[in-house]
Trainee: 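Before we start, here is the structure in question, set down as structure tokens.
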Amino acid sequence: MPVEPEISGVDLVLVGSFNPAIFTPDWFESYGLLPGAAESVENAVVAPELARFGYDWLHLQVSPTRFQASTAQAPLVRVPDLVARVFQEQLFHTPILAIGINREVHMRVGTAGEAELVWENLAPLEVWGGEEALATGGTRAGITSLAVARRAPEGRPRDDRINVTVEPSVRLSPYGIYIRVNDHYTVEGDPLDSAKRAADLLVKEFDSSVRHSDEIIDRTMSLATQPEES
Amino acid sequence: MGERSRSEIPFLKDGAGEPPRSDEFELTLMGSGYGESIVSHIGGGVWVVVDSCLRADGEPQPLSYLAGLGVSAEAVSLIVATHWHDDHIGGLSRLVERCKQARFVCSAALAEREFLGIVASLDDGSVQKGIKSGVREMRRVFSLLNDRRVPHRAMANQRIFQAGECEVWSLSPGHQTFNRFLKSLAEQIPRVGEAKGHVLSLSPNEVSVALWLRAGDVVALLGGDLERDGWRQILASEARPAARASAFKVPHHGSQNADEPAVWEELLVRDPVAALTPWNLGGRSLPLPRDVERIVSYTSRAYATGLRRAPSRTKRPPMVERELRQRGGAPTRTEARHGLVRLRRSLKGCCDWRVETFGAAIRLGSAAA
Amino acid sequence: MFQSGMATLAAQCPEDEELQESASFQRSVGARHLLDDEARRAIPEAKPLDAETAARPAQYVAPEAEGSGLIEANDETGLSPDVRSLPAPWMERASLHALQEWEGYVVAIRDKEFQARLLDLTAEAAFPDEEATILLEEISDRDAAMMRVGSIFRWVIGYERSPAGAKKRVSLIVFRDLPRLTEADVRRGAEWASEVAQRFRS
């Protein structure tokens with residue numbers, strides 16, 4: 001990447017129907033999915049409507065309609081491997097309707113000038129009335145969030161899409177850029193036997209999805225860091 | 001005999017030259033150090049492909065070669081998979097898919113229900129894209145073949161193809177080798193509850209298919225990866241075709257394990273043209289220098305599609321290089337040495353083989369080897 | 001499933017977009033097993049809770065702690081008992097970004113090291129054409145115990161940055177936790193094998 005991320009990770013989100021109360025650290029440990037989880041998890045919350053805990057490289061959060069597994073530690077492939085095992089080996093009757101492979105990075109640019117260049121390239125302030133018109137008391141004027149939706153690559157279902165979000169980073173201030181690429185996959189067919197299809201799709205597509213998202217991030221940052229033509 | 005080295009000319013798609021004449025037998029061996037394939041014209045526009053390997057861009061080499069000659073994939077009438085080792089079936093499913101008129105033949109051991117069951121249970125497409133598994137490739141091939149395009153099994157002393165004056169026979173494997181093969185396979189596969197992984201190639205290669213090709217008066221013997229015991233069974237058989245071959249694809253990359261001197265005495269003419277592909281994996285390589293010495297003692301006309309050179313290293317970002325230096329060693333690349341050895345001669349048998357070498361291919365026993 | 005619980009929670013947290021979305025989705029899907037086009041359009045995008053807002057503490061109205069099965073390690077919020085500040089998610093942890101990544105498989109195992117064949121993922125290599133000798137001390141004890149010839153791993157080299165800003169160079173080898181062979185795999189395999197074996201001709 002032209003600018004290496006300081007924070008880099010992936011959120012895997014499955015949309016479907018889940019029972020959060022199942023997803024205890026003990027459950028993961030008992031099925032050999034996360035060794036030692038029962039004793040080593042952090043900040044565990046398990047309730048009928050929400051399960052959440054941190055384990056070594058993993059952060060897990062489950063609601064009745066979303067299963068989310070995240071990591072900020074390479075190799076990122078550990079996340080789809082775990083999720084695939086959960087839904088292929090144990091919860092193979094879970095209805096899963098969609099998968100999101102969300103690639104997220106926070107990058108630092110060096111100076112105020114470089115940061116201004118990025119935002120000016122992405123969305124010129126002039127279009128929005130100029131800096132003076134946008135100034136608010138005490139806070140920085142300008143873009144708070146830029147979002148673009150695009151079609152998924154050729155060959156994927158019609159409802160698949162890629163959503164790119166660019167924002168100032170709240171993790172890296174003052175001159176940080178945050179980019180998220182949400183690669184949304186629909187899981188076609190009967191929801192009742194969708195878990196295996198979803199898990200297969202995940203393992204098959206994960207690496208290429210992340211690579212494609214990294215290319216989008218690279219391109220965005222390359223364009224955003226191009227100096228103005230004099 | 002004519003011999004010409006055209007190592008300066010890019011081969012395959014860019015410079016393979018003219019296709020053979022209709023009355024010309026061609027045998028072309030291609031390999032890169034990990035991968036082998038043979039493309040053969042047995043007269044009258046009939047093409048045969050034995051095994052498959054990949055170019056660096058992921059395209060099957062035999063298809064690339066045929067395209068370079070201006071030959072359509074539809075002209076391929078027979079595809080043979082001699083065995084299931086990764087280095088012999090790279091891109092095989094794509095080859096089968098594109099050569100729609102070709103009959104597909106594989107070792108009868110691979111048609112056994114037990115082997116097929118292992119292939120299917122180990123790879124349902126869910127394992128990673130990166131490391132290509134021979135298991136996955138075979139599954140894809142079998143999934144492409146159906147009732148309209150049935151697969152065929154090759155066993156010892158069986159004619160597997162005939163077209164006019166051309167015929168192809170399989171000389172192996174014998175029935176008695178099946179049980180040994182299945183037993184050794186069963187010992188290596190993951191059990192229920194174990195992780196699916198990359199199932200490595202197995203040895204011995206006794207279920208490999210060795211082929212005898214005849215077109216007109218010309219005979220060629222293709223040894224696959226068949227090892228010594230397999231050759232002894234062939235030599236002992238009275239049911240095999242009798243005519244001796246004047247061209248020989250040396251089995252198993254010239255290894256000692258696949259050498260049986262009686263093959264040179266009883267199955268081949270005197271001083272045949274012989275060719276082999278090198279093989280490199282895990283710091284090991286074939287043929288060893290003593291293998292080369294042995295082969296050139298059998299024939300003065302031995303060739304290889306390339307030989308191993310000193311390992312090379314890939315340059316990476318400085319931070320990565322520092323880390324690799326600190327751990328005491330970086331990965332080494334087995335340098336891909338793409339080469340091609342092409343033999344052509346008239347079907348009438350009046351002239352001798354014309355040999356051409358392309359890319360990294362060399363004549364064994366010469367100063368370059 | 002848990003509809004009444006979700007509806008209650010959503011009613012208590014009108015500002016919580018994720019909860020509102022989840023409750024709305026549940027109402028629209030209900031107990032239908034097969035989704036028509038209308039229901040499919042209601043499927044929310046599979047995005048996480050916006051990570052930027054998630055970096056700010058999320059406010060949930062949680063059920064009463066007693067008897068609810070709620071397990072929370074961090075209870076010292078200083079907030080009123082039924083408003084819990086749940087911890088920020090994964091971006092609060094150290095982050096390791098790979099500058100170089102290989103996928104490899106084990107070719108041979110020796111006493112103190114193993115030999116591996118590597119596919120350079122960073123360079124998008126077409127096939128594994130690199131080899132390396134790796135000391136067993138470079139991998140975890142658990143991986144060393146479970147490793148066999150053919151096992152697959154990822155090797156990454158990159159910078160790890162802590163939330164406090166500390167930065168260090170890291171080389172990490174992790175064996176992949178791939179799906180297990182199941183009885184269903186074996187059964188499906190046998191069915192497919194029967195079908196294919198019947199097609200073969202001599």
Side-chain angles (χ1 to χ4, degrees), chain B residues 34 54-58 90 108 111-122 124 126-128 130-132 142-143 145-147 150-153 155 158 188 190-200 281-283 311 314 316-317 319-320 322-324 327 329-334 336, chain C residues 99-100 102-108 115-123 125-135 138 146 148-152 155 157-159 169-171 175-183 185-202:
Chain B
Y34 193 78
L54 292 167
R55 291 178 3 155
D57 62 1
E112 291 292 303
R113 200 158 300 184
E114 291 88 337
F115 173 79
L116 293 169
I118 290 165
V119 165
S121 62
L122 280 184
D124 56 4
S126 68
V127 189
Q128 65 296 337
I131 300 286
K132 289 185 172 52
F142 292 133
S143 297
L145 302 168
N146 52 34
D147 294 335
V150 299
H152 292 254
R153 55 170 77 86
M155 288 182 52
Q158 183 181 23
Q188 293 224 10
R191 306 277 183 269
V192 169
E194 290 184 2
K196 298 179 192 180
H198 180 95
V199 179
L200 288 187
L281 179 62
T314 307
R316 294 192 160 96
M319 174 274 200
V320 175
R322 277 197 300 278
E323 180 61 34
L324 291 172
R327 70 178 290 279
T332 52
R333 164 167 284 111
T334 306
Chain C
L99 288 178
Q100 172 64 43
W102 292 271
E103 176 147 287
Y105 65 93
V106 177
V107 171
Q115 191 82 20
R117 186 103 173 170
L118 302 173
L119 174 76
D120 187 339
L121 297 173
T122 306
F127 44 81
D129 60 358
E130 288 184 279
E131 293 139 22
T133 300
I134 298 171
L135 297 174
E138 291 187 62
M146 299 199 45
R148 49 188 283 199
V149 170
S151 293
I152 299 171
W155 179 12
I157 296 178
Y159 283 118
R169 197 172 71 217
V170 166
S171 167
F175 277 76
R176 287 190 67 177
D177 206 11
L178 290 170
R180 281 8 183 195
L181 195 65
T182 63
E183 299 280 1
D185 288 328
V186 175
R187 195 177 54 248
R188 270 193 299 265
E191 283 164 12
W192 182 86
S194 265
E195 196 190 308
V196 172
Q198 277 168 26
R199 290 188 209 142
F200 270 90
R201 299 281 182 273
S202 292

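Just so you know, these numbers use all the heavy atoms, side chains as well, and skip hydrogens, waters and symmetry mates. Each chain gets a letter, A, B and so on, in the order its sequence line appears, and its residues count up from 1.
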Trainee: Test side-chain contact (heavy atoms from CB on, under 4.5 Å) on C:Leu99 and B:Arg316; report intermediate values, then the result.
Mentor: CA-CA 9 Å; C:Leu99 288 178; B:Arg316 294 192 160 96; over 6 Å; no
Trainee: Using a 3.5 Å distance criterion without hydrogens, assess whether the side chain of C:Arg199 forms a donor-acceptor pair with backbone atoms of B:Phe142.
Mentor: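 Looks like yes, one N/O pair under 3.5 Å.
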Trainee: Do C:Ile157 and B:Met319 touch side chain to side chain, with heavy atoms closer than 4.5 Å?
Mentor: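 Contact flag for C:Ile157/B:Met319 side chains = yes.
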Trainee: Testing the basics here: between B:Ala111 and C:Ala197, what is the closest heavy-atom pair and its distance to 0.1 Å?
Mentor: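 Result for this residue pair: O-CB, 4.0 Å.
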Trainee: Check whether B:Gln158 gets within reach of chain C through its side chain, its backbone, both or neither, counting any heavy atom under 4.5 Å.
Mentor: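 Just its side chain gets close to chain C.
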Trainee: How about B:Pro331 and C:Glu131: do any of their side-chain heavy atoms sit closer than 4.5 Å?
Mentor: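 Of all side-chain heavy-atom pairs linking C:Glu131 with B:Pro331, none is under 4.5 Å.
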Trainee: Non-hydrogen atoms of chain B under 4.5 Å away: do they reach the side chain of C:Glu191, the backbone, both or neither?
Mentor: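 No part of C:Glu191 comes within 4.5 Å of chain B.
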Trainee: With only heavy atoms counted, which part of C:Thr122 is less than 4.5 Å from chain B, the side chain, the backbone, both or neither?
Mentor: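 Nothing of C:Thr122, per the 4.5 Å heavy-atom cut-off to chain B.
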Trainee: Go through the steps for C:Leu135 and B:Arg327 under the test side-chain contact (heavy atoms from CB on, under 4.5 Å), then give the verdict.
Mentor: CA-CA 9 Å; C:Leu135 297 174; B:Arg327 70 178 290 279; over 6 Å; no
Trainee: Most heavy-atom pairs under 4.5 angstrom with chain C, which of B:Arg322, B:Arg113, B:Glu323?
Mentor: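 Heavy-atom pair counts peak at B:Glu323.
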Trainee: Check whether C:Arg180 reaches the backbone of B:Val192 with its side chain - one donor and one acceptor, N or O, closer than 3.5 Å.
Mentor: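 Not confirmed, C:Arg180 side chain does not pair with B:Val192 backbone.
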Trainee: Working note: C:Trp192 + B:Leu116, criterion side-chain contact (heavy atoms from CB on, under 4.5 Å); need CA distance, chi angles, decisive distance, verdict.
Mentor: CA-CA 8 Å; C:Trp192 182 86; B:Leu116 293 169; 4.2 Å; yes
Trainee: Name the region of C:Ser171, side chain, backbone, both or neither, that has any atom closer than 4.5 Å to a heavy atom of chain B.
Mentor: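 Looking at C:Ser171, backbone and side chain both touch chain B.
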Trainee: Against chain B, label C:Asp120 side chain, backbone, both or neither, depending on which of its atoms sit under 4.5 Å from a heavy atom there.
Mentor: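 Only the side chain of C:Asp120 comes within 4.5 Å of chain B.
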